[in-house]
Amino acid sequence: MKANARSWGLFSLGLFVLLAFTAGLSLSVGSACIRFADIPGIIAAGPGSAEYGILLGIRLPRTLLGIAMGGALSLAGTLLQGMFKNPLVEPYTLGISGGASLGICINILFKLYAVIGIIAYPLSGFAGASLVIFLVYGLNRSTRHIRSNRMLLTGVMISYVASSLVMLLMALARADDLQTIVLWIMGSLDEPDMALIRMALMGSLAGLFLSYFFCFDLNALALGEEEAAGLGVNTARARKGIFFIASFLTGLSVSMAGVIMFVGLIVPHFMRLVTGPDHRILLLASYLAGAVFLLMCDVVARTVIAPLELPVGVITGIIGGVVFIWAISRKKEDL
Amino acid sequence: MTPSPLVEIQDITLGFGHRRVLSNISFDVPAGRIVSVIGPNGTGKTSLLRTVCGNLEPFKGKIVLKGKDIARQVRADLARQMAVVHQNLEPLPMQVQAYVLLGRLPFFKPFQFFETGKDRDLARHFMTVTGILDLADSAMDQISGGERQLAALARALTQEPEFLVLDEPTAHLDITHQARILDLISGLRDRLGLTVLMVIHDLNLAAEYSDFLVLLNKDKGQIHAMGTPEQILTRKNIQAVYHTPVRVNKNPQSGRPCVFIDRAGA
């Protein structure tokens with residue numbers, strides 16, 4: 001894609017329109033079908049109707065959470081792939097999801113939610129994620145640089161350790177706790193608390209805003225550490241900043257919606273194929289496309305065996321994987 | 001008369017881990033001159049350049065650019081004065097034009113999002129003088145290694161540096177492009193007073209285009225000799241450092257030394 005304000009602006013506008021359309025679809029589709037054209041009327045009529053309750057009490061929170069989490073995961077993947085110059089890195093590679101899963105398991109098994117309420121889920125998830133973030137960072141911090149490859153390996157190892165601990169806790173859990181853990185691990189956008197959703201949306205958008213302070217650094221880092229330094233980039237500071245933003249976004253999404261695989265791997269790849277490697281457009285494009293993709297997957301998850309619903313993480317894996325294999329099989333060059 | 005130094009390499013000792021590669025290296029790079037570092041493979045020439053660029057911390061010593069220790073300067077300030085062309089350039093899925101425009105990154109103002117018209121003109125100008133304008137829309141991973149080298153030089157020149165550091169600038173180039181690059185660099189030295197420090201393996205190109213040479217000795221990890229090409233490229237110096245019999249003649253046109261392998265003396 002040509003690097004200029006006009007083509008980037010048009011492309012971003014197109015993605016915004018697509019996101020609006022997908023959000024409308026997410027509001028309309030479900031076990032009770034609400035026509036898209038009726039939505040403004042239902043909202044204007046105010047509370048009282050069943051449709052109003054479904055729309056604003058169930059589907060709007062879910063749609064907003066889908067936008068926030070899809071955007072956050074995809075953006076985190078774009079940041080990490082750019083920083084590590086490795087197309088296989090995704091938000092969960094660094095073990096952050098493992099830490100969050102462990103935190104949630106502990107919450108469920110020790111019934112922390114009974115003491116501090118429903119907020120115990122995101123809190124325990126975020127605590128687990130934060131612990132891993134500081135562990136990975138602390139173990140790989142030298143005086144001047146973050147050691148990228150060591151950081152990746154440490155993250156993968158922490159992920160394995162956390163997964164093993166989660167499995168250990170699952171083995172010790174009672175049947176009803178076990179089901180809660182399994183459902184949570186598969187990922188879901190079912191979160192009715194609007195305060196938490198507002199927080200997630202604001203955190204996700206803050207991540208997008210902050211990531212733009214590093215868009216030029218990411219472009220330069222694509223050339224390599226020393227070439228980036230030669231272009232005036234403080235590579236150590238840039239890596240720290242990018243790592244913490246990506247980790248925050250990952251921790252946020254895992255603690256709010258569980259482990260939703262593939263969004264942070266596939267969407268950044270797909271967008272890079274479309275926009276090219278310039279992070280000035282890639283960051284926004286990945287965020288918007290991640291939101292669209294997760295909302296679409298959630299619509300499928302809600303409708304394919306309605307009135308029952310599938311875990312959205314299963315759908316992201318199936319649809320994302322198939323579409324991605326199709327896309328790269330059409331591309332002649334190497335990635 | 002030798003102009004005042006733009007860059008001073010002061011008593012640099014460098015290496016990796018506990019292993020010393022070079023010890024007590026000191027020399028100046030005078031403003032508006034081309035200085036080439038020569039020596040056998042594995043001497044530490046590239047490591048020395050990395051130290052000069054601030055990418056490899058020396059065990060001791062310092063690099064002074066325009067009177068200031070580079071270790072105490074902000075990266076962006078350095079990038080506005082010094083540009084580097086590295087030896088091994090990765091093939092990237094990035095357009096040549098976008099790659100060259102990255103040279104304007106150090107000049108971006110806070111919250112500037114797009115390149116200015118001047119940035120684009122400069123990139124276009126240096127793509128023209130390096131002969132890669134017709135590749136502007138090609139991807140860096142779809143052009144040859146030599147063309148990538150030219151793009152890297154165009155990117156470095158787009159930084160409008162006073163001091164240009166080149167690591168093997170002619171490594172992947174045919175004779176036409178070798179001459180083109182080095183003529184361009186010496187032309188920029190003559191017209192704009194560009195100061196250049198380069199590592200180069202080809203002794204004849206070094207002799208032809210350099211004002212001063214620094215010959216490194218691998219055995220001692222020190223400077224063997226430094227001076228003008230005529231002073232340095234002698235049979236005795238070359239045989240002492242490279243352990244290869246050579247003959248040294250004069251280029252009949254430029255009068256500079258020419259080095260030939262002496263197969264009869266082997």
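A, B, ... follow the sequence lines: proteins, then strands. Residue 1 opens every chain.
- Proximity to chain A is limited to the side chain of B/Tyr99, based on heavy atoms less than 4.5 angstrom apart.
- For B/Arg155, the part lying under 4.5 angstrom from a heavy atom of chain A is the side chain only.
- Heavy atoms of B/Arg104 lying under 4.5 Å from chain A are absent altogether.
- Of the possible donor and acceptor atoms, none in the side chain of A/Gln81 sits under 3.5 Å from a partner among the backbone N and O of A/Asn86.
- In this structure a side-chain-to-backbone donor-acceptor pair under 3.5 Å is missing from B/Gln149 to B/Gly146.
- Only the backbone of B/Met82 comes within contact range of chain A, with heavy atoms under 4.5 Å apart.
- For chain A, the nearby parts of B/Leu102 are the backbone and the side chain; heavy atoms of each come within less than 4.5 Å.
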side-chain hydrogen bond (donor to acceptor under 3.5 Å, both in side chains), that's the test. Do A/Glu90 and A/Thr93 meet it? Break it down for me.
CA-CA 5 Å; A/Glu90 58 145 350; A/Thr93 311; 4.8 Å; no

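- Of the two parts of B/Gln112, only the backbone, made up of N, CA, C and O, holds a non-hydrogen atom closer than 4.5 Å to a non-hydrogen atom of chain A.
- Between B/Gln159 and B/Arg80, the closest side-chain pair of non-hydrogen atoms is not below 4.5 Å.
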Would you sort out whether B/Asp167 and B/His86 count as a side-chain contact (heavy atoms from CB on, under 4.5 Å), showing the intermediate values?
CA-CA 5 Å; B/Asp167 189 3; B/His86 293 275; 5.5 Å; no

